[in-house]
Q: 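Take this structure first; my questions come after.
For ligands, and for the atoms within them, numbers begin at 1 and follow the listed sequence. These numbers were taken from a predicted model, which means no experiment stands behind them. Hydrogens, waters and symmetry mates play no part in the numbers below; they use all other heavy atoms, side chains included. Residue numbers run from 1 in the order of the sequence given.
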Amino acid sequence: MPIDRSFRSTWRPVGTHAGHSVWSSRDHVGEVIHGTRVGVHWTSCTGCMRCIPVCPVSVFKVDRTDDGLPVVDPEREEECILCYACEMVCPVEALHVERSGGSPETLEALLHSND
Ligand code: SF4
Ligand code: SF4
């Protein structure tokens, strides 16, 4: 299942991890999202690592869920330059990067035109 793109307004921060927020929602029991500027839905991340080499500023680090499954963590999300390359390569839409400038609707349409 893809990340809830509205999580910044509809989920709540329940803790921190490696300097960023961890989010949960009563409507998505058991699911967590790591990061705010760069959100990674750990519940749907498959640990494929495709987002790591495409990030020009090395935002992501390999981590593991409590169940020992590989995921990526946006440890350096404050360095993100909003290029959206990670979103474009993620095969399961586990990532959502904050929108900035222009029309959010246009950007969503461009990024997900092949959905
Ligand atoms: S949007 Fe670009 S800079 Fe930001 S985390 Fe993704 S790949 Fe890295
Ligand atoms: S590309 Fe998507 S599924 Fe693959 S490691 Fe990154 S966030 Fe997880």
Side-chain angles (χ1 to χ4, degrees):
M1 91 208 57
I3 188 172
D4 179 352
R5 295 172 191 165
S6 68
F7 78 92
R8 296 176 189 85
S9 56
T10 58
W11 293 40
R12 62 192 173 90
V14 292
T16 58
H17 174 250
H20 57 254
S21 294
V22 177
W23 302 74
S24 75
S25 164
R26 277 182 296 186
D27 296 330
H28 301 267
V29 175
E31 301 180 25
V32 290
I33 293 173
H34 279 238
T36 301
R37 187 173 200 180
V38 181
V40 180
H41 187 219
W42 274 23
T43 314
S44 53
C45 175
T46 63
C48 72
M49 309 300 164
R50 289 187 198 177
C51 54
I52 292 180
V54 301
C55 180
V57 290
S58 303
V59 163
F60 303 106
K61 184 173 177 236
V62 178
D63 209 323
R64 288 193 178 270
T65 65
D66 291 341
D67 296 329
L69 300 171
V71 287
V72 296
D73 198 35
E75 277 208 359
R76 289 163 32 90
E77 66 170 2
E78 72 280 1
E79 302 295 327
C80 174
I81 59 171
L82 308 178
C83 75
Y84 305 105
C86 55
E87 272 196 35
M88 287 187 270
V89 299
C90 180
V92 293
E93 297 182 32
L95 284 159
H96 190 265
V97 179
E98 200 171 58
R99 283 13 184 177
S100 177
S103 159
E105 292 78 20
T106 301
L107 185 54
E108 293 290 348
L110 286 169
L111 285 170
H112 301 284
S113 57
N114 294 322
D115 289 359

Q: From the options Arg99, Arg5, Arg50, select the one residue that forms a salt bridge (charged side-chain N to carboxylate O under 4.0 Å, His left out) with Glu87.
A: Arg99

Q: How far is atom 8 (Fe) of ligand 2 from the closest protein heavy atom, and which atom is that?
A: Cys45 SG, 2.3 Å

Q: On a heavy-atom basis, which atom in Val40 and which in Val72 lie closest, and how many Å separate them?
A: CG1-O, 3.6 Å

Q: Report, in ascending order of atom number, the atoms of ligand 2 lying under 4.0 Å from any heavy atom of Val72.
A: 5 (S), 6 (Fe), 7 (S)

Q: So which protein heavy atom does atom 4 (Fe) of ligand 2 come closest to, and at what separation?
A: Cys48 SG, 2.3 Å

Q: For the residue pair Thr16 and Val22, what are the closest heavy atoms and their distance?
A: C-CG2, 4.1 Å

Q: If you compare all heavy atoms of Pro70 against all heavy atoms of Met49, which two are closest, and at what distance to 0.1 Å?
A: CB-CE, 4.1 Å

Q: Within ligand 2, which atoms have a heavy atom of Thr46 less than 4.0 Å away?
A: 3 (S), 8 (Fe)

Q: Quick one: closest heavy-atom pair of Glu75 and Ala18, and the distance?
A: OE2-CB, 3.6 Å

Q: Which of the numbered atoms in ligand 1 are below 4.0 angstrom from a heavy atom of Val59?
A: 5 (S)

Q: Which atoms of ligand 1 are found less than 4.0 Å from any heavy atom of Val57?
A: 3 (S)

Q: Please list, in number order, the atoms of ligand 2 under 4.0 Å from a heavy atom of Val92.
A: 3 (S)

Q: Give me the residue, atom name and distance of the protein heavy atom closest to atom 1 (S) of ligand 1.
A: Tyr84 N, 3.0 Å

Q: Measuring to atom 2 (Fe) of ligand 1, does Cys83 have an N/O/S atom at a distance below 2.8 Å?
A: yes

Q: So, His20 versus Arg37: side-chain donor-acceptor pair below 3.5 Å or not?
A: no

Q: With respect to atom 4 (Fe) of ligand 2, please indicate if Cys90 possesses an N, O or S atom at a distance under 2.8 Å.
A: no

Q: Just which atoms of ligand 2 are under 4.0 Å from any heavy atom in Met49?
A: 4 (Fe), 5 (S)

Q: Which atoms form the tightest heavy-atom contact between Ile3 and Gly39, and what is the distance?
A: CD1-O, 3.6 Å

Q: What protein heavy atom sits nearest atom 3 (S) of ligand 1, and how far off is it?
A: Ile81 N, 3.5 Å

Q: Number the atoms of ligand 1 from 1 as they appear, then name those within less than 4.0 Å of a heavy atom of Phe60, with their elements.
A: 5 (S)

Q: Measure the acute angle between the ring planes of Trp42 and His17, then classify it against the limits of 30° and 60° as parallel, tilted or perpendicular.
A: perpendicular

Q: Flag the pair Cys86 / Phe60 as yes when at least one side-chain heavy-atom distance between them is below 4.5 Å, and no otherwise.
A: yes

Q: Can you tell me the protein heavy atom closest to atom 6 (Fe) of ligand 1 and the distance?
A: Cys86 SG, 2.3 Å

Q: Using a strict cut-off of 4.0 Å, indicate which atoms of ligand 1 neighbour a heavy atom of Cys55.
A: 3 (S), 5 (S), 7 (S), 8 (Fe)

Q: Would you tell me whether Asp67 and Thr65 have side-chain atoms, one donor and one acceptor, within less than 3.5 Å of each other?
A: no

